[in-house]
Structure formats: C-alpha cells, structure tokens
There are 2 protein chains.
Amino acid sequence: MAALKYSRQRECIKNYLAMTKEHPTADTVYLHVKEDFPNISLGTVYRNLNLLTDLGEAIKIPTPDGGDRFDGNTMPHNHFFCTNCRKVLDLDLDMKKIEQVNKAAAENFDGIIESSTTIFYGKCGDCIQKS
Amino acid sequence: MAALKYSRQRECIKNYLAMTKEHPTADTVYLHVKEDFPNISLGTVYRNLNLLTDLGEAIKIPTPDGGDRFDGNTMPHNHFFCTNCRKVLDLDLDMKKIEQVNKAAAENFDGIIESSTTIFYGKCGDCIQKS
DNA sequence: TTTAGTGCAAACGATTTGCAAAATA
DNA sequence: TATTTTGCAAATCGTTTGCACTAAA
C-alpha cells in the first residue's frame, strides 16, 4: 500500500547522497539540505532517509559511535571506519571474495543468508601521517 | 591507571555471558542478574559490560535494531542476524577466509586495517519453517 | 583508610511519532 | 478532492553520568 508521492525535500536528500562521498550522518544531511530548504525538519530528513534505505536507494551504515551513516552508493562495496578520526571511507575490494565468504558461511547454516556487511577498523592514511 | 577491584555483580554478569548462547542485550543481562542481585541497577550492568569489552573478555555486537548485543565468547567467530525474528546466532565459518578478505582489503588501502567485523543477514532456520 | 564499584535518578544523543497544515496526484 | 508529506514538538529508546554511599584492598 501507500502510493509514493514526489517531494522536493526527498529529491534534494537523494541528490546530496548521490554526489557526496563522505558517508554523512542524518544530521549532516539535515544541515546540508537546510541550505535549500531552510524550514526542513530533522524528522523529515530521518523519514526520507529511512524511506530511501527501504527502497534500496541508499544504505545505512551502523558505526561504533552509535549514530548511523548514510551512503547513496548502493553497489555492493565495503567500508572502513577510522577509529581515530571516526571517518567512514569506501574500500575497494574484489567483491568475488565477499561472495565466496557468503557462500562458505551458508554451508553449515540451516537458514538463508541474504547478505553480509563487513566493516574494517583501523587508522586511515591521514591519521597515520599526522602521528 | 585505575586498579581493578573485584565485584560480585561483575562476576555474575561475566558468568552469565559465559554460559548463555543467546547474545543478550544489556537489558536482558540486567533482568537475569537481577535474580541474584535484586537491587542492581541498569547503569551498573552497562558499566560492567563496557568494562568487560574493554578488557577483551566480552564482545559488543551492534545490530541494525539500534541496541547492542553482548557475547562472552571472545574467540574470533561470526554472527548472523535474522531480519525476521531479530535473533543473533553464531556462525561457524572458516576464519581463514575472513583473513584472506582482510588481506585483500589492505592491499589497495593507504591506512592500517586492524580488524574487521562481518555480520550476515537473512532468515534463520526457525523463521523459514514457520513460513 | 584509600580507592573502586554501586544504586539511583537525572541527563544524554540519536531517532521516532502524533498531529494539524501544506504539497502532490 | 483524496492522500501523502511536511514541520514542529513531544516522546521514546538505549546508554551514560554525577553523586553520595557501600564494598574491596
């Protein structure tokens, strides 16, 4: 049910997610979209972010920080979380390896594995240089 | 600093984590430990759960549900999250595969990868039968 | 007797929700 | 006009924290 209706706010959020590479928090999205829609509320941002993830047009990345990050790139790929500066980066990784792991995991399991998320932890290049 | 001192509450939490396989939330731990320590507070449970994870005597598993789960089994292993009943299960998986993926990930990355967590998603055996 | 751990309750940050008004179909 | 989406504010959820008190070393 629930026929989807167009909204400029959602469009703007979608565009922002599509062009940025910084894996923003909901609040960062809010701050950015606010430039075009000064009256937009955080609630609307959350509603649309959730809607987009449900539609498969965005990805929600949980971090050890508590808050989630959002990513407009829905192609299967992996993420790196810098434990020093708390940045989230994309990780270029042969997805064949991931599929192999998924397959291996399915072998001794009586349920159905639909997907898997891997987050890598460590220090990013920037943080290493500064130390 | 901060010399560690014994506490029966912590001991009880530790024992519970050691014997259960259900990957409990902080609240579930609280409810259980309350049977032995009726006056224990949720704050104490959180403090000890965090202490134990810092000491490496427990693992904190973030779920898409928001709340974290805790695991007394600190041996490297993987977890499965049932998107239907929200249960967390252990997954028997050859850790060599995981290490391969970690290694592959490090190759094209200018930072340092210290660890990685993989969570598998799907439907567990119980939920499949019931449908 | 010094230091760490506890219970309690208040505070917190991230996210969700109810509702009347505004936008879309 | 019918239905969805919005803005706002209050509410909720999981977790953390300050403080006076108790237990361990």
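Throughout, protein chains are lettered first and strands after them, A, B, ... in sequence-line order, and every chain is numbered starting at 1. Computed from a prediction, not measured in an experiment: that's the story for all the values here.
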Do the non-hydrogen side-chain atoms of [X] and [Y] ever get within less than 4.5 Å of each other?
X: Leu17(B); Y: Pro24(B); result: yes
X: Thr63(A); Y: Arg69(A); result: yes
X: Glu114(B); Y: Lys123(A); result: yes

Quick one: [X] [atom1] to [N] [atom2], roughly how many Å, whole number?
X: Lys60(B); N: dT15(D); atom1: NZ; atom2: C1'; result: 9 Å
X: Glu11(B); N: dT6(C); atom1: CD; atom2: P; result: 12 Å
X: Asp65(A); N: dT15(C); atom1: CG; atom2: C1'; result: 16 Å

| DNA chain D: Leu4(B) or Tyr6(A), which has the more 5' nearest nucleotide? |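 This one resolves to Tyr6(A).
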| said: On DNA chain D, does the nearest nucleotide to Arg69(B) precede the nearest nucleotide to Arg8(A) from the 5' side, or the other way round? Give the residue. | reply: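 Of the two residues, Arg8(A) wins.
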| request: Could you please spell out the steps behind the salt bridge (charged side-chain N to carboxylate O under 4.0 Å, His left out) verdict for Asp126(A) and Lys87(A)? | output: CA-CA 10 Å; Asp126(A) 288 357; Lys87(A) 225 182 302 179; 3.3 Å; yes
| Which residues within residues 13-27 of chain B lie with some heavy atom under 4.0 Å of an atom in DNA chain C? |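 Residues of residues 13-27 of chain B that come under 4.0 Å of DNA chain C do not exist, since none gets that close.
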| In residues 31-55 of chain B, which ones come under 4.0 Å of DNA chain C, going by heavy atoms? |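 Output list: Asn39(B), Ile40(B), Ser41(B), Thr44(B), Arg47(B), Asn48(B).
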| query | Quick one: hydrophobic cluster around Ile112(B), which other residues, with the 4.5 Å side-chain cut-off, linked directly or via members? | reply |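 The other cluster members (ILVMFWY side chains, heavy atoms under 4.5 Å, direct or chained) are Ile128(A).
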| Are Gln9(A) and dA23(C) close enough that a side-chain N or O sits under 4.0 Å from OP1 or OP2? |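 No, Gln9(A) has no side-chain N/O under 4.0 Å of OP1/OP2 on dA23(C).
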| message | Let me check something: do Leu52(B) and Leu4(B) share a hydrophobic cluster, defined by ILVMFWY side-chain heavy atoms less than 4.5 Å apart, either directly or through other members? | response |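 Result: no, two separate clusters.
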| request: Check the hydrophobic clustering (I, L, V, M, F, W, Y; side-chain heavy atoms under 4.5 Å; chains of links allowed) and say if Ile113(A) and Ile119(B) are grouped together. | output: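 Cluster IDs for Ile113(A) and Ile119(B) differ.
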| query | With a 4.0 Å cut-off on heavy atoms, is Gly67(A) in touch with a base, just the backbone sugar-phosphate, or nothing at all? | reply |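 Sugar-phosphate only.
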| field | Within the 6.0 Å centroid threshold, strictly below: Phe120(B) and Phe81(B) | value |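 That pair fails the under 6.0 Å test.
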| query | Hey, mind stepping through Tyr46(B) and Val29(B) against side chain to side chain contact (heavy atoms under 4.5 Å, CB included) and telling me if it holds? | reply | CA-CA 9 Å; Tyr46(B) 271 105; Val29(B) 174; over 6 Å; no
| task | Answer yes or no: side-chain N or O of Lys5(A) and base N or O of dT4(D) forming a donor-acceptor pair under 3.5 Å. | result |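 It does not, because no donor-acceptor pair links the side chain of Lys5(A) to the base of dT4(D) below 3.5 Å.
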